[in-house]
> 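I have a structure I would like to understand better, so I am pasting it below and will then ask my questions one at a time.
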Amino acid sequence: MIELQKNSIDKRNNMLGNKQVWEKEYHKKNLMRGDKPQRFFLNFLKFLKKEYKKSEKNIDFSDLKALDLGSGEGKNSLYLAERGLEVHGIEFASNAICVAREHSRKKGLHINFIEKSFGSHFDLEDDFFNIIIDINSSNSLNEEERNIYLEESFRVLKSGGYFFVRIPAKDGDPNAKKLLKQFPAKEKDTYIIPEFGLKERVFSREDLIDCYGKLFEIVKLEKETRYTTYGSKKYKRNFWILVLRKK
Ligand SMILES: C[S@@+](CC[C@H](N)C(=O)[O-])C[C@H]1O[C@@H](n2cnc3c(N)ncnc32)[C@H](O)[C@@H]1O
């Protein structure tokens with residue numbers, strides 16, 4: 001049974017890249033999971049406010065520039081823009097970008113949603129952003145794209161700027177271990193989610209530190225457990241919450 005499922009996923013994945021998988025998901029219109037940012041992101045914003053207060057830089061949120069990687073239908077970008085930040089989003093699914101632009105237009109906001117992969121050159125200025133967010137987005141990059149994403153994020157972030165990442169964890173997650181065993185993809189710690197067709201990487205704590213710690217200072221690294229829905233099924237999964245700073 002598993003072998004049959006695996007074969008059909010392999011076939012589907014030969015035909016569909018991750019961009020097409022996401023386009024299809026957004027086309028089905030079953031991705032709208034609330035239009036408010038999730039708790040972990042609101043906590044990060046609270047943390048930022050405290051940090052800016054401590055540093056006595058007297059920074060107002062409306063002086064800040066934010067980049068949302070994998071901005072999807074724009075939930076987090078809109079939230080930041082409504083609070084006065086200058087927001088840019090990079091997203092490769094045109095179905096998602098259309099929805100995000102429409103929401104932004106209706107709210108009278110001016111968000112620069114760029115339709116492209118953030119696994120390639122960002123086409124944005126050096127040292128421009130105070131904040132970069134990557135919420136459940138970079139997990140489907142391949143190794144080559146991940147190196148570009150890391151270098152580009154470092155390049156466009158100002159010195160002292162913050163990078164917030166939420167990414168699936170391997171440690172202590174029986175579902176991740178099952179997926180790695182039953183539906184492995186080619187690169188390290190990657191599998192193909194059967195209900196979805198998406199290739200995804202999970203990270204051990206050690207690999208995560210190795211990946212981000214070369215360029216950024218690690219300010220916070222926490223693990224949280226949440227239920228995630230793929231198709232009609234709910235899975236208990238672990239995620240890393242990572243706050244980084246460019247020195
Ligand atoms: C799980 S969704 C998260 C969306 C949004 N960050 C949020 O928290 O609601 C992942 C998003 O990343 C986008 N994405 C994944 N890989 C990407 C890439 N290489 N370039 C641009 N967008 C990408 C997907 O199309 C999707 O919209």
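Atom set for the values below is all heavy atoms of this structure, side chains included, hydrogens, waters and symmetry mates excluded. Note that the coordinates shown come from a computational prediction; the quantities given were computed from them, not determined experimentally.
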> Determine, for Lys188 against Asp207, whether the closest basic-nitrogen to carboxylate-oxygen distance falls under 4.0 angstrom.
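A salt bridge links Lys188 with Asp207.
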> So, His88 versus Phe128, ring centres under 6.0 angstrom or not?
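Judged by ring-centre distance (under 6.0 Å), His88 and Phe128 do meet the cut-off.
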> Might you confirm whether atom NZ of Lys107 has over 12 heavy atoms from other residues, nucleotides or ligands at distances under 6.0 Å?
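Incorrect, the count does not exceed 12.
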> Thinking salt bridges, do Lys158 and Asp127 make one under a 4.0 Å N-O criterion?
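Answer for the salt bridge query: no.
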> Are Lys53 and Glu51 within salt-bridge range, i.e. N to O under 4.0 Å?
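Result for this pair is no, no salt bridge flagged.
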> Looking at Asn175 and Arg237, what are the two nearest heavy atoms and their distance?
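So the minimum-distance heavy-atom pair works out to CB-CD, 3.7 Å.
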> Answer whether the closest heavy-atom distance between the side chains of Leu45 and Tyr79 falls below 4.5 Å.
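Yes, close enough: below the 4.5 Å cut-off.
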> Are more than 12 heavy atoms from other residues, nucleotides or ligands located less than 6.0 Å from atom CD of Glu82?
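Yes, the 6.0 Å shell around CD holds more than 12 heavy atoms from other groups.
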> Check step by step if side chain to side chain contact (heavy atoms under 4.5 Å, CB included) holds for Tyr162 and Asn130.
CA-CA 6 Å; Tyr162 288 88; Asn130 307 90; over 6 Å; no
> Taking side chain as C-beta onward, heavy atoms only, is Asp123 less than 4.5 Å from His121?
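Answer yes - side chains close enough.
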> Using a strict threshold of under 4.0 Å (side-chain N to carboxylate O), is an ion pair present between Lys247 and Glu217?
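Salt bridge absent between Glu217 and Lys247.
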> Below 6.0 angstrom between ring centroids: does that apply to Trp240 and Tyr212?
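No, the ring of Trp240 stays outside the 6.0 Å limit from the ring of Tyr212, centre to centre.
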> Looking at Ile148, is its backbone amide N or carbonyl O close enough to the side chain of Glu151 to form a donor-acceptor pair, meaning the two atoms are under 3.5 Å apart?
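Absent.
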> Going by ring pair (Phe, Tyr, Trp, His ring centres under 6.0 Å), name the residues that satisfy it together with Tyr191, two or more places apart in sequence or in a different chain.
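Listed in chain order: nothing, the list is empty.
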> Is it true that Asp134 and Tyr149 share a donor-acceptor pair across their side chains at a distance under 3.5 Å?
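Yes, because at least one side-chain N or O of Tyr149 sits under 3.5 Å from a partner of the opposite role on Asp134.
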> Minimum heavy-atom separation for Gly213 and Ile218, please, with both atom names.
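Shortest heavy-atom separation between Gly213 and Ile218 comes out as CA-CD1, 4.1 Å.
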> A cation-pi test, strictly: NZ or CZ of Lys246 under 6.0 Å from the centre of the six-membered ring of Phe163 and no more than 45 degrees from its axis. Yes or no?
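Negative - Lys246 is either too far from the ring of Phe163 or too far off its axis.
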> Within the structure provided, determine whether Glu195 and Ile193 are in side-chain contact (heavy-atom separation under 4.5 Å).
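Of all side-chain heavy-atom pairs linking Ile193 with Glu195, at least one is under 4.5 Å.
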> Does a donor on one side chain sit under 3.5 Å from an acceptor on the other, for Arg166 and Asn136?
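Yes, because at least one side-chain N or O of Arg166 sits under 3.5 Å from a partner of the opposite role on Asn136.
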> Mind checking whether Val165 and Leu69 sit in one hydrophobic cluster, side chains of I, L, V, M, F, W, Y counted as touching below 4.5 Å?
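Yes: a chain of side-chain contacts under 4.5 Å links Val165 to Leu69.
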> Please indicate whether Lys177 has more than 12 foreign heavy atoms, meaning atoms of other residues, nucleotides or ligands, lying under 6.0 Å from its NZ.
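Count over threshold, so yes.
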> Quiz question: by atom type and distance under 3.5 Å, do the side chains of Asp171 and Ser204 form a donor-acceptor pair?
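Looking only at side-chain atoms, Ser204 and Asp171 do not form any donor-acceptor pair under 3.5 Å.
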> Quick check: closest heavy atoms across Phe239 and Arg226, and the distance to 0.1 Å?
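Result for this residue pair: CE1-CB, 4.2 Å.
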> Are Lys106 and Glu102 close enough that some pair of their side-chain heavy atoms sits under 4.5 Å apart?
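In short, these two side chains touch, coming nearer than 4.5 Å.
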> Taking C-beta and beyond as the side chain, do Arg146 and Cys211 meet within less than 4.5 Å on heavy atoms?
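SC-SC contact between Arg146 and Cys211 confirmed.
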> Would you compute the distance between atom CG of Leu78 and atom CG of Asp68 and round it to the nearest 0.5 angstrom?
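It is 9.5 Å, given to the nearest 0.5 Å.
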> So does Lys65 have more than 12 non-hydrogen atoms from other groups sitting under 6.0 Å from NZ?
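Counting neighbours around NZ of Lys65, more than 12 heavy atoms of other residues, nucleotides or ligands fall under 6.0 Å, so yes.
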> Do Phe44 and Ile241 make a side-chain contact, defined as non-hydrogen atoms from C-beta onward lying under 4.5 Å apart?
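With C-beta onward as the side chain, the pair stays apart.
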> Given salt bridge (Lys or Arg N to Asp or Glu O under 4.0 Å), test Lys19 with Glu23 step by step and report yes or no.
CA-CA 6 Å; Lys19 174 176 155 39; Glu23 291 286 13; 2.7 Å; yes
> Do Lys116 and Ser120 pair up side chain to side chain, a donor and an acceptor below 3.5 Å, judged on atom types alone?
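Per modelled atom types, Lys116 and Ser120 side chains form a pair under 3.5 Å.
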> Does the gap between the ring centers of Phe154 and Phe216 come in under 6.0 Å?
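Under 6.0 Å, so yes.
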> Flag yes if more than 12 heavy atoms outside Lys223 fall under 6.0 Å of its NZ atom; otherwise flag no.
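Yes, because the 6.0 Å sphere around NZ of Lys223 holds more than 12 heavy atoms from other groups.
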> Identify the two heavy atoms, one from Leu179 and one from Pro194, that lie closest to each other, and give their separation to 0.1 Å.
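Looking at all heavy atoms of both residues, the closest pair is CD2-CD, 3.6 Å.
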> Would you call the rings of Phe164 and Phe41 parallel, tilted or perpendicular, taking 30° and 60° as the class edges?
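Because their plane-to-plane angle lies in the 30° to 60° range, the rings of Phe164 and Phe41 count as tilted.
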> When clusters are formed by joining ILVMFWY residues with side-chain heavy atoms under 4.5 Å apart, either directly or through shared neighbours, do Phe118 and Leu80 land in the same one?
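Different hydrophobic clusters.
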> Measuring only between side-chain heavy atoms, which start at C-beta, is Leu208 closer than 4.5 Å to Leu221?
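Of all side-chain heavy-atom pairs linking Leu221 with Leu208, at least one is under 4.5 Å.
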> Using the rule that Ile, Leu, Val, Met, Phe, Trp and Tyr join whenever any side-chain heavy atoms are under 4.5 Å apart, tell me whether Leu157 and Leu141 fall into a single cluster.
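Same cluster.
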> Less than 4.5 Å apart, side chain to side chain, heavy atoms only: is that true for Ile167 and Ser137?
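The answer is no; the side chains never approach within 4.5 Å.
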> Would you say the side chains of Glu91 and Tyr26 form a donor-acceptor pair under 3.5 Å?
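On atom types as modelled, these side chains do not qualify, holding no pair under 3.5 Å.
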> Using every non-hydrogen atom in the two residues, find where Leu85 and Ala66 come nearest and quote the distance to one decimal.
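Result for this residue pair: CD2-CB, 4.0 Å.
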> Using every non-hydrogen atom in the two residues, find where Leu64 and Asp60 come nearest and quote the distance to one decimal.
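Minimum heavy-atom contact is CG-O, 3.8 Å.
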